[in-house]
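What follows is a single structure, written as structure tokens, with notes after it.
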Amino acid sequence: MNLYSLLESGFPQDRNTICLEVPGGCDRTWSEIEQGSARMANWLASLEIPLGSRVAAPVEKSPEGLMLYLATLRAGFVFLPLNTAYRDAELEYFFGNATPAVVVCPIKSFDWITPIARASGAAQVVTLNEDGTGTLMDAAASQRGTFSTVELADDALASILYTSGTTGRSKGAMLSHGNLGSNALTLREYWGWRGDDVLLHMLPIFHIHGLFVGVNGALLSGAKMIWLSKFDAKAAASHLPSATVMMGVPTFYVRLLTEADFTRESCRNIRLFVSGSAPLLLETFTEFKDRTGHTILERYGMSETGMLVSNPYHVHEGQRFGGTVGKPLPGVALRITGEDGQPCKVGEIGLIEVCGPGIFKGYWEMPEKTKEEFTDDGWFRTGDMGRLGGEAAGLQVPDDYVSIVGRGKDLIISGGFNVYPKEIEGFIDDIPGVEESAVVGVPHPDFGEAGVGVVVAKPGATLDALQIQAYLKTKIANFKVPKKVVIVKELPRNTMGKVQKNLLREEYRTACL
Ligand code: AMP
């Protein structure tokens with residue numbers, strides 16, 4: 001089934017109600033979203049490009065950007081959202097790999113993007129600006145406001161999402177209409193989405209979190225979204241009283257907590273706070289609960305798989321445990337495998353492997369890479385390390401709860417021993433005056449690899465690298481203590497709030513030589 005048809009089945013009866021509330025802009029009704037996407041779909045269809053052609057969209061977040069996504073689905077093409085922060089070398093790579101037939105970009109980037117798009121064979125390069133103007137809109141304006149959504153099989157491609165590439169070259173994850181639809185249906189049920197929900201939407205829509213978890217969830221439930229082009233703690237605090245659901249990366253929650261206007265009162269109508277895309281610090285989880293009375297629901301997923309694991313929403317499903325990402329969602333099978341390929345026991349750390357209807361079809365034009373990432377019996381290797389059950393945040397958690405300990409590629413093997421950065425980061429973060437930390441592995445002449453601790457101080461605090469090492473030696477085995485500790489102003493993060501450990505590894509590559 002075409003994903004759009006599935007989403008449409010959840011639209012409210014009265015299409016004249018508001019779908020997108022756009023503070024400082026023009027609100028859009030459901031009918032306007034339907035008509036706007038129909039006009040764009042008619043224009044795309046008029047290009048007479050084959051079904052399955054890619055529509056690349058390095059555009060700013062806007063209601064029209066959302067319509068473009070829906071139009072692409074409706075017309076049977078493949079949506080390729082891209083961060084507008086990408087520069088020419090990056091777009092050359094993405095366009096070269098995905099060979100889009102249509103490229104949509106803001107007018108301000110048109111001059112430098114057009115030659116790159118043309119060189120990769122794009123037939124059309126049109127503009128769409130943040131304010132909803134552009135040549136795409138001009139072309140769509142003369143099209144009909146109705147469109148018969150193209151019928152497609154579940155395994156037809158709906159989108160290609162390039163992975164964030166924090167551990168290597170970005171790869172295009174191919175997601176089918178069935179993959180995205182099944183995940184949206186599961187989350188609607190599991191998180192109790194309702195037609196009278198109001199989602200405070202502040203995430204970008206070039207990423208799975210904002211687009212598939214946020215947008216698809218709200219559309220499928222007929223729920224309104226408060227549509228902010230980006231996150232700003234002050235604006236978030238002011239719109240929260242009108243919302244029932246907020247989704248964010250951990251940084252959103254950290255920043256909200258620094259906002260004086262963010263109070264228990266401002267969350268009075270919220271029924272669900274969701275965090276994901278990067279680990280939520282236990283400190284944030286606890287402080288948030290103390291401040292608001294709300295327990296953030298942390299979940300885990302990735303571009304290649306959709307959402308896999310979630311803390312429960314309904315009390316009868318269980319408790320939300322800080323430091324865990326919850327239990328496999330209905331329909332998801334998850335196992336933890338040791339380096340020897342054998343299943344790990346409860347509490348043991350290993351590689352997370354998954355199966356389920358949301359798992360992608362493979363990496364675009366990379367059959368070898370795809371093969372490597374699946375086991376012989378068809379499970380996807382997430383590349384994340386974690387454990388089932390055991391202890392999280394000092395509590396014994398049930399055996400079906402998953403705790404993530406980090407990317408497998410972040411694992412440090414020092415003198416033959418495994419060092420899990422997250423464990424060491426937890427000890428460093430407990431030191432008074434430490435805001436946050438990241439531990440990365442770098443080459444070491446004796447041990448092969450050694451950890452470097454990169455530490456950020458709380459505002460006004462002074463830290464001493466040698467004292468941090470001395471403290472760690474009293475807490476953990478010597479082989480786990482970073483051989484070097486550096487104090488920095490901030491950690492490099494990508495737009496989804498993920499710490500870019502690849503950049504740190506590069507920066508401190510020679511620190512232990
Ligand atoms: P992306 O494909 O950009 O969404 O990145 C997916 C990766 O983000 C996963 O493989 C994890 O490494 C990480 N991730 C997502 N959610 C969480 C979470 N709740 N805790 C820790 N890591 C997470």
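When a residue number appears, it is its place in the shown sequence, counting from 1. Just the heavy atoms: all of them, side chains too, but no hydrogens, waters or symmetry mates, feed the values below. Order of listing sets the numbers, starting from 1, for every ligand and every atom in it.
Legend: residues meeting salt bridge (charged side-chain N to carboxylate O under 4.0 Å, His left out) with E436, ordered by chain and number and at least two apart, are R493. By the ring pair (Phe, Tyr, Trp, His ring centres under 6.0 Å) test, F77 pairs with no residue at all, sequence neighbours left out.
In this structure, M496 has no heavy atom closer than 4.0 Å to ligand 1. Assignment of H209 to the shell around ligand 1 is not supported, since no heavy atom sits closer than 4.0 Å.
Considering only non-hydrogen atoms, atom 9 (C) of ligand 1 lies nearest to D384 out of T163, N311, D384. Taking each of S275, G383, S277 in turn, the one with a heavy atom nearest to atom 13 (C) of ligand 1 proves to be S277.
When non-hydrogen atoms are compared, ligand 1 lies under 4.0 Å from the backbone of S303 as well as from its side chain.
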Original post:
Passes side chain to side chain donor-acceptor pair (under 3.5 Å), D197 versus S221? Steps please.
Top reply: CA-CA 8 Å; D197 268 327; S221 314; over 6 Å; no
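Each of the following atoms of ligand 1 lies closer than 4.0 Å to a heavy atom of G301: 6 (C), 9 (C), 15 (C). Close approach of ligand 1 to R407 is summarised as follows: ligand atoms under 4.0 Å from at least one heavy atom of the residue are 10 (O), 12 (O). Counting atoms of ligand 1 from 1 in the listed order, those under 4.0 Å from a heavy atom of E298 are 18 (C), 19 (N), 20 (N). Short contacts between ligand 1 and I208, defined as distances under 4.0 Å to a heavy atom of the residue, involve ligand atoms 4 (O). Every atom of ligand 1 is numbered from 1 in the order shown, and the set under 4.0 Å from a heavy atom of R299 is 16 (N), 18 (C), 19 (N). Residue-ligand proximity, H207 to ligand 1, at heavy-atom distances under 4.0 Å covers atoms 1 (P), 3 (O), 4 (O).
Remark: K483 NZ is packed, more than 12 non-hydrogen atoms of other residues, nucleotides or ligands lying under 6.0 Å away. More than 12 non-hydrogen atoms from other residues, nucleotides or ligands lie less than 6.0 angstrom from NZ of K458.
Between the side chains of S176 and N179, at least one donor N or O lies within less than 3.5 Å of an accepting N or O.
For ligand 1, the polar-atom distance check against E304 finds no nitrogen or oxygen pair separated by under 3.5 Å.
Under 4.0 Å is where a charged nitrogen must lie from a carboxylate oxygen, and between K422 and D410 no such pair does.
The CG atom of L180 sits 11.0 Å away from atom CG of L185, with the distance rounded to the nearest 0.5 Å.
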